[in-house]
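Okay, structure first, notes after.
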Amino acid sequence: GENVEQHPSTLSVQEGDSAVIKCTYSDSASNYFPWYKQELGKRPQLIIDIRSNVGEKKDQRIAVTLNKTAKHFSLHITETQPEDSAVYFCAASETGGSYIPTFGRGTSLIVHP
Amino acid sequence: DVKVTQSSRYLVKRTGEKVFLECVQDMDHENMFWYRQDPGLGLRLIYFSYDVKMKEKGDIPEGYSVSREKKERFSLILESASTNQTSMYLCASSSSGTGAYEQYFGPGTRLTVT
């Protein structure tokens, strides 16, 4: 089955800095890679996703890059703000059949004002 | 507005008790999931269901069972609760529609087994 490794487990930055979270996956059949954000005491929510037919996707201060050859994908947050503080989860899956994502272990991002 | 609800936010049970956690979604989603969330271990899949009365084991099904009698409701059952089942339990749902892969999560149930 799929295995997703996520690094770092904790990331501490100053407000305004950039933050990068990296994930690797094992199954070359995976073609969908979402990122979820979980604020303290709240439910995880999808913030951005990327499909295997593109190498990069941006949404305001957030971007995700994908390297299918190396089987890794990354989340980039620019101009970080205190409200970006949360746990971020990456995931990987195939989109055929019942879609069952495999999640990474999560990265706790702390943005210091 | 998409909504996934769980029957309790906090639950305290004794070792050996039978525990029911319920999840309801109002989006007519085919797929429903139960995850366990522990610090440093991420979201681990316990069971999922892709249709009424259908269920599949996830990565950590031992000690759990599930029931899906109606499309909108997915229940997680701990037949005999143990202290190592103290955790946060998250329910999620998703559509089987092409291109619709987002999972919608419930608020979670923090279960403590004493």
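Every chain is numbered from 1, with letters handed out A, B, ... down the list of sequences.
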Residues of residues 102-113 of chain A with any heavy atom under 4.5 Å of a heavy atom in chain B: A/Phe103, A/Gly104, A/Arg105
Atom CD of A/Glu15 with >12 non-hydrogen neighbours under 6.0 angstrom: yes
A/Glu79 CD: over 12 foreign heavy atoms closer than 6.0 Å: no
hydrophobic_cluster_shared for B/Leu111 and B/Ile46, side chain cutoff 4.5 Å: yes
Residue pair B/Phe105, A/Lys42: steps toward the side chain to side chain contact (heavy atoms under 4.5 Å, CB included) verdict: CA-CA 10 Å; B/Phe105 286 86; A/Lys42 298 193 175 179; over 6 Å; no
Contacting region of A/Gln38 [heavy-atom separation from chain B under 4.5 Å]: side chain
Donor-acceptor contact present, side-chain B/Tyr104 to main-chain A/Leu46, <3.5 Å: no
A/Gln60, CD atom: more than 12 neighbouring heavy atoms under 6.0 Å: no
Hydrophobic cluster identity match, A/Leu66 and A/Leu75, side-chain contacts under 4.5 Å: yes
Within-4.5 Å side-chain heavy-atom neighbours: A/Pro101 and B/Gln103: yes
Contact class of B/Leu45 relative to chain A, heavy atoms under 4.5 angstrom: side chain
Shared hydrophobic cluster for B/Tyr35 and B/Leu78 (ILVMFWY, side-chain gaps under 4.5 Å): no
Closest contact, heavy atoms only, B/Gln37 versus A/Phe89: NE2-CZ, 3.4 Å
same_hphob_cluster(B/Phe74, B/Ile60) at 4.5 Å side-chain heavy-atom cutoff: yes
Side chain / backbone / both / neither for A/Pro34 at chain B, heavy atoms under 4.5 Å: neither
Chain A contact via B/Arg9 - side chain, backbone, both or neither, heavy atoms under 4.5 Å: side chain
Within 6.0 Å of CZ in B/Arg110, more than 12 heavy atoms from elsewhere: no
B/Leu21 with B/Tyr64, same ILVMFWY side-chain cluster at under 4.5 Å: yes
Portion of B/Leu43 that has a non-hydrogen atom of chain A nearer than 4.5 angstrom: both
Side-chain heavy atoms of A/Asp49 within contact of B/Tyr101, under 4.5 Å: no
Residues, nucleotides or ligands: over 12 heavy atoms within 6.0 Å of A/Lys22 NZ: no
